[in-house]
Amino acid sequence: MLNTIRNIGIMAHIDAGKTTTTERILYYTGKSHKIGEVDDGEAIMDWMEQEQERGITIQSAATTTYWQRFFKDKNEKFQINIIDTPGHVDFTAEVERSLRVLDGAIAIFDAVRGVEPQTETVWKQAARYGVPCIGYVNKMDRVGADFFHVLEDIKTKLAATPAAVQIPIGKENGFEGIIDLITMEEIRFVGSEGEQVERCPIAAERASLADEWREKLLDTLSGVSDAVTEAYLSGCGIPEALLRAELRRATLSRAVLPVLAGASRRNRGVQPLIDAVVDYLPSPAEAKPAQAFNLKKEEESEIPCDAKGAPIGLVFKIQNDREAGSLCYVRMYSGKITPGTAVFNTGKKKRERVNRILRMHSNKSEPLDELTAGDIGVLIGLKLAQTGDTLGSEGIPLVLEKMRFPEPVISVSIEPATASERERLKDALAILAREDPTFTARENEDTGQLIISGMGELHIDVLVTRILKEFRVEARVGNPQVTYRETVSAVVEKNYQFSRILAGKENAAALTLCIEPLPRGSGNRYVCAVRAPDVPEAVFNAVQRGVMNALSSGIALGYPCIDVGVTLKSLDYAPLTGTEFAFEACASMCFDEAAGAAQPVLLEPVMAVAITSPKDFVGEVMSLLTQRGGQVESLSSGAAADEIKSSAPMAKMFGFMTALRSVSQGRADFTMTFSHFDKRR
């Protein structure tokens, strides 16, 4: 039943406890019989060798578990599909494609650090896709933990409306359990693994604090629920069922963020978190209907989540398996797919056969007889599918909204140790590029070098290590290089004539292009301002191809062009000599000459840098940042540390972590994400 399915993600800043919390969820739901610790390299969800060695999540891992919910006189079994996402900014694409297909998410906050930079990033991603969330303040047992400060942080930095449905009993070493503000009970977790949940009345010394926060919860809900307001004003008390129902409704509309507390590492607070997933996050039937574009009718349409409808699914992740080939992770929005059936890849306009369907549990799997609407699974047998492809039927050609990924900003050269290794290296790069949409590989035409590009130093390091260890390709890797861009800074109009005799036939073309700079971040734009009914459409297409190819080839240094507007002003066409080849070549050459005269500018990637530092080292950290061309934009004080937000050119940020640790005695930390391209500083 759709109502008993939950598709959720775990999202947060790195080291907030996402994988640790997921491990506890799997243990308490009976999916695993031993709690795997991240620090020991035994976490089930961190199955990659590099994840175990580095102690971080690199790839989003999917699993399915079941939770027996005993509530009042009801006993229901819920299927929970979980995706544990990375927290490091270099792997933000993994979070992006996970949130695209999820119905709800758990946002985990560090009780000491509060809302961290990557938390803000993933929160914006969730908002973009309209994903309802619940909050979980983890690490309440750590020195400096402050649940109530985190609530204020959520208000300030995320512009969200937090509603505490629990408050902690004690903090730091004195953290004992939680007070449930819905049932007004104290909850403690006993047993060797915290597997037993004990409830008891609220102690007298904590009653006033519980009453105060219960009033705040009711006040928050009254702002978004007339039913709660009426019940509150009646003075007859608010039924627990009404409170849960209205909190659920407010959560689904993203009007309120229910916030819970716990310490996953010490096995406290996780079982109520699983209950909150069931109580407040949507089933596929309640989630916002997926939007698709009907290619036949040329109109937008909504896809109801119906197992009896036409099959429509989205490929949101590709993973290579040595034995099975490509594992295509698919979220079904409508209909169902069974093994042995053919599916139509709408974007590729190709039919492919599904050989097998699997339910994944990290890197292990079990076969499925079918994949139905609202569920997530893996299809085996698809050879052409890529991330973002829509699977459906030829009769109803629907295309789901594609995912958008940031461009790679850092590159390195990679060369095979021997000539015989070159083809193996190219094969490995092709597999990695298919798996990861933020990774690209190309061959430099001038030098013949293979250039790979990614989102940051760690991203490149992980990919290179996979090439060397996983694919066992012997290769040499160059130093990291920044990926630049080019643009123009002046308006130039240019007329160009082209004439060549090839195979005894004259190819001639003449046209006028106007090139102009566009606002930063607006992308390239091509406009055809010519209306000539006697000119074949293929000629106009050839001109556009020539311009677009020239834009990707650069102006002076060969870097791709951005934020350039190109307008076709006039075109001279002769039926006997005006070939597509002539106009494509003419457009490309005309662009090159016009762009060369339009005062070309080299742009470099500018990064948004967020640094968390103890107060004692803020001065040294800011000095280090300005030495590297950084510009401080804001400084905010936190309970445990200060946060510096700044921008800096990426070219000067290589090795910044080592220098930062040196000036802060290893106590400062930072995150760096691509912001925009700008003139070299």
Polar side chain donor-acceptor pair, T483 to S411, under 3.5 angstrom: yes
R142/D110 ion pair, N-O < 4.0 Å: yes
Taking every non-hydrogen atom, the tightest pair across A12 and I108: CB-O, 3.1 Å
Side-chain donor/acceptor of N7 to backbone N/O of L102, under 3.5 Å: no
Nearest atoms (heavy-atom pairs only) where W123 meets L158: NE1-O, 3.6 Å
Inter-residue atom distance I451.CD1 - S413.OG, 0.5 Å rounding: 5.0 Å
K139 versus A145, closest heavy-atom pair with distance: O-CB, 3.7 Å
Side-chain heavy atoms of F147 within contact of K171, under 4.5 Å: no
Any side-chain heavy-atom pair of F189 and N267 under 4.5 Å: no
From CA spacing to verdict: side chain to side chain contact (heavy atoms under 4.5 Å, CB included), L557, Y484: CA-CA 9 Å; L557 300 173; Y484 294 96; over 6 Å; no
Contact summary for A659 and R628, nearest pair of heavy atoms: CB-NH2, 3.8 Å
Test of ring centre spacing under 6.0 Å for W213 and F148: yes
Contact summary for G454 and H459, nearest pair of heavy atoms: CA-ND1, 3.5 Å
Whether over 12 other heavy atoms sit under 6.0 Å from R520 CZ: yes
Residues R206, E186; criterion side chain to side chain contact (heavy atoms under 4.5 Å, CB included); working and verdict: CA-CA 10 Å; R206 288 184 283 272; E186 290 189 359; 2.8 Å; yes
Side-chain heavy-atom pair V259, V150 within 4.5 angstrom cut-off: no
Nearest-0.5 Å distance that lies between atom CZ in F175 and atom CZ in R266: 8.5 Å
Distance, nearest 0.5 Å, that separates CD1 of I25 from OG1 of T63: 10.5 Å
Side-chain heavy atoms of I179 within contact of I202, under 4.5 Å: yes
CA sep, side-chain torsions, deciding dist, call: S222, V228, side chain to side chain contact (heavy atoms under 4.5 Å, CB included): CA-CA 5 Å; S222 296; V228 171; 3.8 Å; yes
Main-chain N/O of V115 paired with T119 side-chain donor or acceptor, under 3.5 Å: no
Nearest-0.5 Å distance, CG of residue D153 to CD of residue E116: 9.5 Å
4.5 Å side-chain heavy-atom contact, I452 and V477: no
Distance (rounded to the nearest 0.5 Å) between T220 OG1 and E215 CD: 11.0 Å
Side-chain donor/acceptor of R254 to backbone N/O of V131, under 3.5 Å: yes
Heavy-atom donor-acceptor pair, N138 side chain to A16 backbone, under 3.5 Å: yes
Whether E176 side chain and I169 backbone form a donor-acceptor pair below 3.5 Å: no
Evaluation steps, side chain to side chain contact (heavy atoms under 4.5 Å, CB included), between Y129 and V101: CA-CA 9 Å; Y129 293 120; V101 298; over 6 Å; no
Nearest non-hydrogen partners of P517 and S489, listed with the distance: CG-C, 3.9 Å
Show the atom names and distances, to 0.1 Å, of all donor-acceptor pairs under 3.5 Å that link a side chain in residues 617-625 to residues at least two apart or in another chain.
| residue | atom | partner | partner atom | Å |
| --- | --- | --- | --- | --- |
| S623 | OG | Q627 | NE2 | 3.3 |

Electrostatic pair K124-E120, nearest N-O below 4.0 angstrom: no
Flag, side chain of R661 to backbone of A668, donor-acceptor distance under 3.5 Å: no
Heavy-atom check, side chain of I182 versus side chain of R244, under 4.5 Å: yes
Results of side-chain hydrogen bond (donor to acceptor under 3.5 Å, both in side chains) for R249 - residues two or more places apart only: E246
Donor-acceptor under 3.5 Å (D563 side chain, G523 main chain): yes
Heavy-atom side-chain contact between L243 and L218 under 4.5 Å: yes
Donor-acceptor pair, side chain of R331 and main chain of L314, under 3.5 angstrom: no
Check: R485 side chain, L603 main-chain N or O, donor-acceptor pair, under 3.5 Å: no
Heavy-atom check, side chain of F316 versus side chain of R100, under 4.5 Å: no
Side chain E486, main chain Y559, donor-acceptor under 3.5 Å: yes
Rounded distance (nearest 0.5 Å) linking atom CD1 of I10 with atom CG of L273: 7.0 Å
